[in-house]
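Sequence lines set the chain letters: A, B, ... in the order given, protein chains first and strands last, and positions in each chain run from 1.
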Amino acid sequence: MQSVVVTVTSGKGGVGKTTCSANIGCALALLQKKVVVIDGDIGLRNLDIVMGLENRIVYDSVDYIEGRCRLRQALIRDKRAPDLYVMPTAQTRDKTAVSAEQMVAMCDELRKDYEYIIIDSPAGIEQGFHTCLAPADRVLIVTNPEVSSVRDADRVIGLVEAQEKGPAQILINRLMAARVKKQEMLSMDDIVDVLSTELIGAVPEDEAILMSTNRGTPVALNGRGPAATAFHEIALRLTGEEVPLRVQQPVSIFHRLFGKA
Amino acid sequence: MNALKQLFKGHDSPANTAKQRLRVVLIHDRTEIPAGMLELIKDDVISVISRRVPIDRANVTVHVDNAGNENRLLVDIPLLAGDNRRGASRTSIPRQRSS
Ligand SMILES: Nc1ncnc2c1ncn2[C@@H]1O[C@H](COP(=O)(O)OP(=O)(O)OP(=O)(O)O)[C@@H](O)[C@H]1O
Ligand SMILES: [Mg+2]
């Protein structure tokens with residue numbers, strides 16, 4: 001099976017890696033792709049709760065790697081999409097529990113059955129990042145439109161290029177069109193320009209993300225708001241379709257109440 | 001720094017300030033030459049060059065320029081016009097080839 005490992009990472013923490021991994025995974029699965037999303041943030045697992053699957057964990061990736069279960073047993077099937085699986089990680093271990101080689105071997109097993117393997121990497125440039133980078137065919141570097149996260153993104157892009165993992169692409173998250181227009185916030189073009197790296201898409205700041213995370217239902221599963229649309233477009237681009245880059249505008253109250261599209 | 005400020009005068013929206021600051025910090029991050037190091041290099045350059053020719057010490061600039069994949073250290077050293085030299089202070093006199 002033609003299979004792609006996509007590692008979602010960032011330099012700075014809290015920029016939206018888990019949110020993006022979950023939503024891109026859902027969006028790809030809704031495109032009828034066979035998808036598994038791996039929580040690569042050992043010891044600080046969050047993908048399960050963001051996706052609303054926290055009550056279904058029996059085994060995790062560390063159990064599989066250490067031989068306590070079979071691969072299938074460590075995967076949670078998400079029934080809200082045709083072929084979507086989540087592999088949780090251990091909450092009570094640290095980043096040394098899985099080596100880069102073990103991650104590569106696990107992904108090679110998964111490649112047999114899945115078209116897209118999305119890895120939600122921890123932030124930073126330590127071992128956990130290198131473990132998640134090792135199996136990557138593509139790397140998405142999440143950044144917010146703000147100086148410190150862009151600077152840290154540049155550092156990560158450098159490391160990804162040095163390891164010849166790539167192509168690295170930037171994913172701008174929490175963009176606010178109105179503030180960009182007022183020239184209060186870095187624009188898509190500004191960020192692409194200073195990082196001289198290709199963009200996979202820009203996800204707007206969207207209050208629907210908070211609501212959906214509270215419920216454990218990623219916006220891409222059934223939301224129609226600006227962030228959901230952006231995630232669907234990013235998923236399409238990952239499949240090779242050409243979707244023009246644009247900034248999703250926030251939806252007005254009127255549309256929210258009465259709009260269908 | 002002053003030259004930089006001047007260059008972007010009139011474009012000082014918060015977004016532009018952020019962008020220009022990022023440009024500069026990324027050049028230093030990528031070349032692993034911290035901005036403070038440039039001041040030291042500048043002092044070195046001044047002391048070496050001024051042993052040979054009179055220079056305008058106050059206006060020496062040193063910065064790293066980045067074009068594509070190439071980084072270069074750009075040093076700009078204004079010369080001081082000496083008594084017998086035709087310099088910037090006497091611009092009304094056309095430049096002539098010496099000797
Ligand atoms: N587009 C968005 N609009 C509004 N809120 C967002 C958006 N993206 C992420 N958030 C919020 O930002 C916070 C951090 O997101 P998330 O946990 O996905 O980041 P992370 O990069 O995975 O963090 P960590 O580095 O800790 O793993 C969360 O509260 C999330 O709901
Ligand atoms: Mg996370």
Open item on the list: How close do A:V194 and B:L26 get, counting heavy atoms only, and between which atoms?
Closed with: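 Closest pair (atom of A:V194, atom of B:L26, distance): O-CD1, 3.7 Å.
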Task: Heavy-atom closest pair, residues A:L186 and B:A18 - done: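 Where A:L186 meets B:A18 most closely, the heavy atoms are CD2-CB, 3.9 Å.
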Task: Atom pair CG/CD of B:N16 and A:Q183 - distance to nearest 0.5 Å - done: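 Interatomic distance, B:N16 CG to A:Q183 CD, rounded to 0.5 Å: 7.0 Å.
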Open item on the list: Between A:D154 and B:R30 (salt bridge meaning N to carboxylate O under 4.0 Å), is one present in this structure?
Closed with: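 A salt bridge links A:D154 with B:R30.
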Open item on the list: Can you tell me which residue among A:D193, A:V150, A:L195, A:D190 is in a side chain to side chain contact (heavy atoms under 4.5 Å, CB included) with B:L22?
Closed with: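 That would be A:V150; it is the only one of A:D193, A:V150, A:L195, A:D190 passing the side chain to side chain contact (heavy atoms under 4.5 Å, CB included) with B:L22.
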Task: A:R237 atom CZ: more than 12 heavy-atom contacts under 6.0 Å - done: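 More than 12 within 6.0 Å, yes.
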Task: Within 6.0 angstrom of B:I33 CD1, more than 12 heavy atoms from elsewhere - done: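 Yes - once you tally the heavy atoms of other residues, nucleotides and ligands closer than 6.0 Å, there are more than 12.
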Task: Residue A:I191 versus chain B: region with a heavy atom under 4.5 Å - done: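 Contact with chain B involves no heavy atom of A:I191 at all.
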